[in-house]
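Not measured: the values here are computed from a predicted model.
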Amino acid sequence: MSMKLPPIAAIRAFEAAARHQSFTKAAEELGMTQAAVSYQIRLLEDRVGTPLFIREPRQVTLTATGRSLSPKVTEALDLLGSAFIEIAEKARLDLAISVLPTIASAWLVPRLSSFQAANPNIKINLHTSNEMVDFIKEDIDLVVLSGNGNWPGNDVFPLFPIEYTPVCTPEFRDRNRLTQPSDLLAVRRFGSPGWWRRWLTEAGVENLDEGNQMGLVLGVQAMDVAVTLLGQGVAMVVPTFFVDELKNGRLVQPFTHVVEDGRGYFLVYPEARRRSRKIQLFRDWIIAEAEATRSSLAVPA
């Protein structure tokens, strides 16, 4: 005979407590009191006939039975949640995206029309931010951000490596006779001071603090490039995001050295949402677009 399912409140309390290894944190997530969480878990233990947690004065840990049950309960709740998400998406296909400002303005927005043409029923709400979002508290479906790719509990897909180098207009290069990296110390420079220092050091430039001509620190590569295109200086950027400007000659890389940062730009969304159709469609599209951009930059002009 099949066992009648325990109350959903007890199942949710167990899953949250097992994930946090804490009744207190589970209570905060679920909007319950700690006593209520403890009560629900006790009901569940009575139902299955064995303890699921070892209760100690300042912490709780899963028993062997609890450890066996926990991943199965999480998977079941994820499946249940995905089922309701898919039903809701039939009526409302809004996709909320948080993207780094430079990627949004310089790379993503000019390409979004192709995604929308292929998926006219999906409405995109684009937000710009440099920070990782809290997917539980914020109404965001996925993010594009930089880092080392280590965001536990999420599906993570690499888009671009962080590789940066100076760029400027060909006229600025020629007018200021930029023939060797040390010449950059005498002109206005835009972009991250840390990136500049590392690039100049790797390029063999000494006396970095002499003749410092750092311009405005705008914090957004697209803004740095906008000023650079006016012929006002040299910007330190990830050239991947400015393929068109480099291809048509509006920008040039005066020197071949490129710093390989070791980090990258990634698409990130919660594992629990991986079955969402709108997320799958956007994931496949943006990965293909990123690959096409990388290939375009690698092909000699």
Side-chain angles (χ1 to χ4, degrees), residues 12 15-16 18-22 24-32 74-75 77-89 91-112 115-116 119 122-162 192 194 218-223 238 240-241 261-290 293:
R12 291 179 67 234
E15 191 278 335
R19 178 159 35 83
H20 290 294
Q21 295 285 287
S22 166
T24 300
K25 291 182 178 179
E28 292 174 355
E29 178 180 318
L30 298 174
M32 303 168 63
T74 297
E75 181 180 7
L77 287 177
D78 285 347
L79 284 170
L80 187 60
S82 294
F84 282 101
I85 288 174
E86 290 176 3
I87 292 297
E89 285 179 340
R92 185 183 181 196
L93 287 174
D94 287 0
L95 183 64
I97 308 169
S98 177
V99 185
L100 291 165
T102 286
I103 295 183
S105 60
W107 184 81
L108 181 60
V109 170
R111 291 166 172 78
L112 273 180
F115 176 80
Q116 293 177 312
N119 304 277
I122 296 179
K123 176 185 176 183
I124 293 181
N125 297 313
L126 182 65
H127 308 262
T128 58
S129 173
N130 289 308
E131 304 297 330
M132 180 62 170
V133 305
D134 185 332
F135 287 111
I136 295 177
K137 296 181 179 179
E138 300 181 53
D139 188 21
I140 297 293
D141 293 300
L142 50 83
V143 300
V144 176
L145 71 167
S146 62
N148 60 11
N150 183 28
W151 292 283
N154 298 287
D155 284 347
V156 180
F157 298 89
L159 299 176
F160 307 106
I162 296 181
S192 164
L218 300 172
V220 179
Q221 292 178 53
M223 296 175 66
V238 176
T240 305
F241 302 138
D261 185 275
R263 299 175 301 144
Y265 297 96
F266 298 87
L267 173 70
V268 184
Y269 56 80
E271 294 174 349
R273 302 181 190 175
R274 62 174 53 148
R275 294 179 178 84
S276 167
R277 181 60 176 162
K278 65 182 180 182
I279 287 179
Q280 292 175 350
L281 289 170
F282 188 82
R283 175 199 64 203
D284 294 345
W285 173 82
I286 196 172
I287 289 175
E289 287 290 324
T293 298

Is the closest side-chain heavy-atom distance between [X] and [Y] below 4.5 Å?
| X | Y | result |
| --- | --- | --- |
| L79 | R275 | yes |
| V238 | D261 | no |
| E289 | F115 | no |
| V268 | M132 | yes |
| L112 | I124 | yes |
| L100 | T128 | no |

Over all atoms of both residues, closest heavy-atom pair of [X] and [Y]:
| X | Y | answer |
| --- | --- | --- |
| A16 | L30 | CB-CD1, 4.0 Å |
| P110 | A106 | CG-O, 4.2 Å |
| K278 | D141 | NZ-OD2, 3.6 Å |
| N125 | H127 | O-CD2, 3.5 Å |
| N130 | P101 | OD1-CD, 3.3 Å |
| L267 | L142 | CD1-CD1, 3.7 Å |

Counting only heavy atoms not in R12, do more than 12 sit closer than 6.0 Å to its CZ atom? no
I'd like to know whether CD of E271 has more than 12 heavy-atom contacts from other residues, nucleotides or ligands below 6.0 angstrom. yes
So, taking the atom named [atom1] in [X] and the one named [atom2] in [Y], what distance separates them when rounded to the nearest 0.5 Å?
| X | Y | atom1 | atom2 | value |
| --- | --- | --- | --- | --- |
| S146 | F160 | OG | CZ | 13.0 Å |
| I97 | L108 | CD1 | CG | 6.5 Å |
| F157 | Y269 | CZ | OH | 3.5 Å |
| L95 | L281 | CG | CG | 9.5 Å |
| L93 | N119 | CG | CG | 9.5 Å |
| N148 | R263 | CG | CZ | 8.5 Å |

Aromatic centroids of Y265 and F241 separated by under 6.0 Å: yes
Only residue of E29, K25, E28 satisfying side chain to side chain donor-acceptor pair (under 3.5 Å) with H20 is E29
Short side-chain to backbone donor-acceptor contact, [X] and [Y], under 3.5 Å:
| X | Y | answer |
| --- | --- | --- |
| E138 | D134 | yes |
| S82 | A272 | yes |
| Q280 | R274 | yes |
| T102 | Q221 | yes |

Got a salt bridge between E15 and R19, using NZ or NE/NH1/NH2 to carboxylate O under 4.0 Å? yes
Between W151 and L145, is the side chain to side chain contact (heavy atoms under 4.5 Å, CB included) condition met? List the steps. CA-CA 11 Å; W151 292 283; L145 71 167; 3.8 Å; yes
What do the steps show when you test R283 against D155 for side chain to side chain contact (heavy atoms under 4.5 Å, CB included), and what is the final call? CA-CA 10 Å; R283 175 199 64 203; D155 284 347; 5.7 Å; no
